[in-house]
Amino acid sequence: MDYQNNLAYAKNLDIEDPLRLYRDKFYIPKQKNGKDHIYLCGNSLGLQPRSTRKYIEQELNDWEKLGVEGHFEAKNPWMSYHEILTDKMSKIVGAKANEVVVMNSLTVNLHLMMVSFYRPSSKRYKILIEGNAFPSDQYAVKSQIEFHGYDVADALIELIPRKGEKTMRIEDILKLIKEEGDTIVLIMIGGLNYYTGQAFDMKAITKAGHEKGCFVGFDLAHGAGNLPLQLHDWQVDFAVWCTYKYLNSGPGGVAGCFVHENHVKDSTIKRFTGWWGHEKATRFLMDDTFVPIESAEGWQLSNAPILSMAALHASLDIFEKVGMKAIQNKAENLTGYLEYLLIELQHDAIEIITPKNAAGRGSQLSIQVKNSDKSLFKKITKKGVIADWREPDVIRVAPIPLYNSYADVFSFVAILKECLNQ
Ligand SMILES: *Cc1c(COP(=O)(O)O)cnc(C)c1O
């Protein structure tokens with residue numbers, strides 16, 4: 001697009017934005033002076049849909065009036081509540097309904113998936129992960145390696161960018177898989193790296209991993225509700241994601257999990273089990289032999305957290321209405337506009353480390369601050385911007401298609417400019 005560097009132009013883009021009416025469907029946090037914050041932190045905690053309260057109240061009311069009968073008699077019976085979410089969620093990640101389940105939290109699901117897909121042997125025992133992976137993923141992966149009695153220094157391979165580069169090249173990832181794949185059990189990468197904002201070519205990585213006999217799983221904390229995903233077609237073995245970032249389910253909201261259809265009926269795959277993963281027809285016979293549901297639901301442990309699911313339900317209904325295509329179209333333009341304005345600043349104290357091509361990123365730019373402490377970030381925060389600081393030197397900025405405007409992006413860069421020149 002041929003962007004222009006002025007507020008009138010940004011406001012005009014907002015008028016022409018097909019998603020313009022959706023901003024009003026969310027609560028935008030307010031500054032002390034009553035003005036809206038410039039909220040660019042939906043990659044950390046998505047904003048609250050105005051409809052969320054109604055969805056939760058429905059369940060509170062049914063609980064109030066029905067007590068335990070709500071499992072069958074509630075407007076949305078609690079016994080099968082998670083199934084409503086399955087259909088909506090599977091469209092967001094490009095999966096079949098039998099491949100998706102909403103349960104637990106992200107790191108819990110990651111451990112459950114590694115119980116099934118990280119089964120090391122003396123010849124093949126390694127895990128491949130991205131070098132600057134999110135800490136929880138690193139802890140989870142390292143603890144699994146140690147749990148199985150292997151040495152992290154030997155069994156964990158980390159993807160590191162070339163010297164002088166900030167992000168990974170796909171050809172380097174594929175080459176590493178080709179060279180070392182014979183000893184790798186599991187490739188487990190963040191579909192979009194939380195720090196750099198780099199989106200990986202999951203299709204190519206999965207194919208390369210499978211050619212070497214590895215399982216391939218993705219952490220989609222920053223992918224779900226953001227990137228175009230085709231988990232089924234790409235033959236991804238498993239994926240896990242939280243829903244409180246791009247999917248607006250509220251703090252600590254219930255997470256998502258994908259297990260490819262190729263595995264859901266495979267009784268040779270080990271797993272940790274709980275009663276909610278047991279075949280539905282006979283679950284309440286309380287028999288002591290576990291018979292798994294032959295879908296991703298077979299990995300469920302416990303009965304579902306309905307109040308948290310109600311909040312997710314509210315948001316997924318918005319996603320269903322808008323569709324990922326429209327979200328991604330706006331994401332590309334909105335992030336593109338942010339990038340354009342940052343480049344226009346021509347300030348050598350900052351550098352965008354996120355890839356430049358639209359396929360290599362989502363709704364986030366990571367701005368590296370040169371030779372600076374956190375002071376620039378503190379200044380923009382004081383002026384009403386809510387973004388996110390990551391040590392040692394990165395400001396992450398995420399313009400979210402559903403509720404951020406082009407004017408938000410313009411105002412943010414204007415504030416950044418002012419603070420840079422102070
Ligand atoms: C946000 C995030 C998490 C958070 O994990 P929880 O179990 O939900 O606390 C984990 N991994 C990545 C990559 C994340 O971005």
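Counting starts at 1 for both ligands and their atoms, following the listed order. We use all heavy atoms of the structure for the numbers below, so side chains are in, but hydrogens, waters and symmetry mates are not.
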Quiz item: Taking only residues two or more places apart in sequence, or in another chain, which ones meet Lys91 in a side chain to side chain contact (heavy atoms under 4.5 Å, CB included)?
Solution: Glu320
Practice problem: Could you tell me whether Glu418 and Lys383 make a salt bridge, using a distance below 4.0 angstrom between a side-chain N and a carboxylate O? | Solution: yes
Quiz item: Is Lys142 paired with Glu146 through a side-chain N to carboxylate O contact shorter than 4.0 Å?
Solution: no
Self-check item: Pair Asp17 + Lys330: basic N to acidic O under 4.0 Å
Solution: yes
Quiz item: Using 4.0 Å as the upper bound for N to carboxylate O, is an ion pair formed by Glu211 and Lys207?
Solution: yes
Quiz item: Taking NZ, NE, NH1 and NH2 as the nitrogens, is one of them in Glu83 or Lys280 under 4.0 Å from a carboxylate oxygen of the other?
Solution: yes
If you look at each N/O of ligand 1, which protein N/O atoms lie under 3.5 Å away, and at what distance?
residue: ligand 1; atom: 5 (O); partner: Thr107; partner atom: OG1; Å: 3.4
residue: ligand 1; atom: 7 (O); partner: Thr107; partner atom: N; Å: 2.9
residue: ligand 1; atom: 7 (O); partner: Thr107; partner atom: OG1; Å: 2.6
residue: ligand 1; atom: 8 (O); partner: Tyr244; partner atom: OH; Å: 2.6
residue: ligand 1; atom: 11 (N); partner: Asp137; partner atom: OD1; Å: 2.8
residue: ligand 1; atom: 11 (N); partner: Asp219; partner atom: OD2; Å: 3.0
residue: ligand 1; atom: 15 (O); partner: His222; partner atom: NE2; Å: 3.0
residue: ligand 1; atom: 15 (O); partner: Lys245; partner atom: NZ; Å: 2.5

